[in-house]
Amino acid sequence: MTQAGGGILKRAALWRIALLVVAVGGLELLCLTGRIDRLTMQPPHRILVDMVALLAGGQLNTAIAKTLGNAALAFVIAMVVGVTVAVVLHYFRSLRHTLDPLFATYYAIPMFAFYPLLIVLFGLGDTPQIFIGAMLAVVAVIVNTLNGLDRIPRVLLKTARVNQLSAWETATQVMLPCATPYILTGAKLAVAYSLIGIIGAEFIMSTGGMGYEISFAYTNFDNAKMYPLILLILAVSIAINTLLARWEKVLMARRGLS
Amino acid sequence: MRGWGNTLKLVVLLLVVWQLMAWFVGDVALRTPLQTVVFTAKLVATPVFWGHFAETAQAFGMALLLAVAIGLSLGFLLGLNRFASEVLEPLLVAVYSIPKITLYPILLLSFGLGIASKVAFGTIHGVIPITLFTLGAVRAVRPVFIKTGRVMGLGTGHMIATILLPAAMPEIFTGLRVGFSLTLIGTLLGEMFASQRGLGFLLMNAIGLHNVDLIMALTFLLVLFAGSASSLLLYLNRRLYERA
């Protein structure tokens with residue numbers, strides 16, 4: 001049964017690759033025959049060549065470092081704040097119930113609408129972008145951490161009490177380790193959200209970073225720069241997400257949760 | 001009704017935080033809730049606002065219609081075909097997690113600077129969650145229901161209308177709820193980045209003019225609309241789950 005299931009998965013993966021190859025090949029053909037003109041899109045092989053040239057040339061290094069650095073900072077802030085808030089909310093039930101409707105509708109709110117306000121507040125530096133990234137990511141961390149804390153077996157908490165651990169020790173030695181797989185799910189979402197937040201903010205209005213470079217290249221019809229950058233961002237975010245998903249699966253399997 | 005009490009408490013809490021922040025930050029960057037509401041009332045009375053509102057509403061409506069139509073049909077198609085869903089689901093999940101705003105220049109180049117690219121951008125935000133939730137919901141329908149339908153000789157159309165849709169309704173509605181929010185976010189983002197009309201454009205314009213009143217009023221209106229629409233959908237969604 002599992003063998004047949006594995007066979008199907010393998011066949012599906014092959015089909016998926018074939019589908020991607022056909023799609024990229026089709027684009028290549030459309031571009032080369034001139035159905036899609038050069039001003040709209042470069043042929044895929046050109047994009048790849050340009051991307052390698054851009055990366056090797058190093059003129060994008062500052063933009064890449066800025067975007068990834070800011071995203072990493074937003075991610076760290078979201079994780080620290082999110083886990084702390086979740087532990088606190090886990091203690092204060094009534095506050096948690098009050099905030100529940102906020103968490104439930106949080107991702108329906110267009111967070112980027114706050115970006116103009118943040119620019120007015122913090123100026124047009126890195127701060128409003130990091131703020132948006134952290135703001136987008138933090139609720140995913142809170143919700144998933146709370147979910148993990150809710151699932152801690154009673155007996156572990158009782159053991160902690162029997163051993164007279166303080167609240168701090170209970171949180172760091174029992175609760176958080178126990179909730180790790182769920183926190184990791186939150187972390188996975190937080191990575192995606194902080195990248196989306198940073199790049200989106202750079203896109204709308206900023207003075208540097210990958211999102212800014214794309215929008216700058218777009219306004220100058222500089223397709224030789226725009227498409228490689230888009231491809232780079234897509235590749236980076238898909239790679240990060242795939243890696244985290246793998247790791248999460250391993251952790252979940254170790255706990256027998258998958 | 002503890003749910004309503006909590007919502008009320010939350011609204012009061014948010015208003016207090018807003019007021020405190022306005023006092024703390026000062027007049028340069030923030031307005032108090034009262035000032036914002038007064039300015040919003042004035043804004044809503046001007047015809048210019050309604051012009052931009054109509055543009056956004058039209059783009060959002062079309063994007064939502066497309067996202068729902070494409071998402072539902074794709075979801076049912078893949079949900080009923082195990083192999084096709086194995087092939088395509090990982091691709092959809094990967095696309096779901098990328099910062100879609102990077103794709104916007106491509107859409108602008110292919111659809112031009114106008115309502116079409118906004119609609120397309122809103123649609124690609126909303127269509128994937130609707131597809132994924134519908135796919136999952138259809139696949140999770142109890143096999144005995146489908147077998148019963150097959151024994152009774154139902155065609156595909158009948159099968160969807162009388163068995164799959166009712167059985168999978170709560171999860172499909174969850175997908176529609178998420179799709180609704182994301183389509184709205186996508187449409188507004190599109191207007192903020194490159195557009196000459198619509199509420200997103202008005203918001204970007206307000207930053208250029210450093211019009212804090214306008215920024216606050218528009219943000220307030222957008223958050224109010226998104227928040228209440230999503231709360232309503234969430235409420236309906238919970239009713240559906242309770243009934244199921």
Side-chain angles (χ1 to χ4, degrees), chain A residues 8-9 11-13 15-16 19-20 36 39-41 94 97-102 104-105 107-117 119-122 188-189 191-192 195-200 203-205 210-211 214-215 217-219 221 223 226-227 229-230 233-234 237-238 241-242 245, chain B residues 2-3 6-7 9-10 13-14 25 28-30 82-88 90-91 93-95 97-106 108-110 177-178 180-182 184-185 188-189 192-194 200 203-204 206-207 210 212 215-216 218-219 222-223 226-231 233-234:
Chain A
I8 281 187
L9 281 185
R11 214 151 57 90
W15 268 81
R16 193 153 55 234
L19 205 69
L20 284 175
I36 301 179
L39 268 181
T40 307
M41 194 177 176
S94 66
H97 286 307
T98 308
L99 290 178
D100 266 342
L102 176 70
T105 53
Y107 284 106
I109 292 164
M111 238 5 101
F112 286 104
F114 286 107
Y115 189 54
L117 264 182
I119 291 182
V120 174
L121 271 177
F122 298 115
K188 194 179 73 174
L189 291 169
V191 171
L195 259 181
I196 291 176
I198 297 285
I199 292 173
F203 229 79
I204 295 169
M205 193 179 269
M210 286 160 96
I214 293 181
S215 107
Y218 164 73
T219 22
F221 288 105
N223 279 0
M226 186 181 92
Y227 276 101
L229 273 167
I230 292 177
I233 290 184
L234 298 189
S237 56
I238 288 178
N241 282 313
T242 318
Chain B
R2 220 176 72 196
N6 276 330
T7 311
K9 262 198 274 177
L10 178 67
L13 187 72
L14 288 177
V25 174
V28 203
L30 278 182
R82 182 95 213 190
F83 187 70
S85 74
E86 291 287 356
V87 173
L88 286 176
L91 288 180
V93 172
V95 175
S97 68
I98 59 176
K100 275 172 278 302
I101 192 159
T102 47
L103 301 175
Y104 197 49
I106 304 181
L108 279 173
L109 287 173
S110 15
R177 178 166 64 79
V178 176
F180 176 92
S181 314
L182 285 178
L184 179 64
I185 292 175
L188 287 173
L189 265 180
M192 281 172 89
F193 175 61
L203 193 58
M204 287 309 282
I207 319 181
H210 195 88
V212 180
I215 298 177
M216 293 287 297
L218 284 172
T219 313
L222 290 176
V223 170
S228 41
S230 143
S231 305
L233 290 176
L234 196 64

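Values in this document were obtained by computation on a predicted structure and should not be read as measured data. Proteins get letters first, then strands, A, B, ... in listed order; numbering begins at 1 in each.
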Would you say [X] and [Y] make side-chain contact, with heavy atoms under 4.5 Å?
| X | Y | result |
| --- | --- | --- |
| P99(B) | S237(A) | yes |
| F83(B) | R11(A) | yes |
| T98(A) | T7(B) | no |
| H97(A) | K9(B) | no |
| L99(A) | L13(B) | yes |
| L109(B) | Y227(A) | yes |
| P105(B) | I214(A) | yes |

Chain A contact via [X] - side chain, backbone, both or neither, heavy atoms under 4.5 Å:
| X | result |
| --- | --- |
| I215(B) | side chain |
| I98(B) | both |
| L218(B) | neither |

Rounded distance (nearest 0.5 Å) linking atom [atom1] of [X] with atom [atom2] of [Y]:
| X | Y | atom1 | atom2 | value |
| --- | --- | --- | --- | --- |
| I109(A) | I185(B) | CD1 | CD1 | 8.5 Å |
| T102(B) | M226(A) | OG1 | CE | 10.0 Å |
| I230(A) | I101(B) | CD1 | CD1 | 11.0 Å |
| D100(A) | L10(B) | CG | CG | 9.5 Å |
| T105(A) | L233(B) | OG1 | CG | 11.0 Å |
| M192(B) | Y115(A) | CE | OH | 9.0 Å |

Looking at [options], which makes the most heavy-atom pairs under 4.5 Å with chain A?
| options | answer |
| --- | --- |
| L222(B), L30(B), L203(B), V93(B) | L203(B) |
| L103(B), L14(B), L108(B), V25(B) | L108(B) |
| I106(B), V95(B), L88(B), L234(B) | I106(B) |

Examine whether an atom of [X] lies under 4.5 Å from a heavy atom of chain B, and if so say whether it belongs to the side chain, the backbone or both; otherwise answer neither.
| X | value |
| --- | --- |
| I233(A) | side chain |
| L19(A) | side chain |
| L20(A) | side chain |
| T219(A) | neither |

Tell me which of these, P116(A), A104(A), S215(A), P110(A), has more heavy-atom pairs under 4.5 Å with chain B than the rest. P116(A)

Against chain B, work out which of F114(A), F221(A), Y218(A), F203(A) has the most heavy-atom pairs shorter than 4.5 Å and name it. F203(A)

Could you pull out the closest heavy-atom pair between I204(A) and M204(B), with the gap in Å? CG2-CE, 3.1 Å

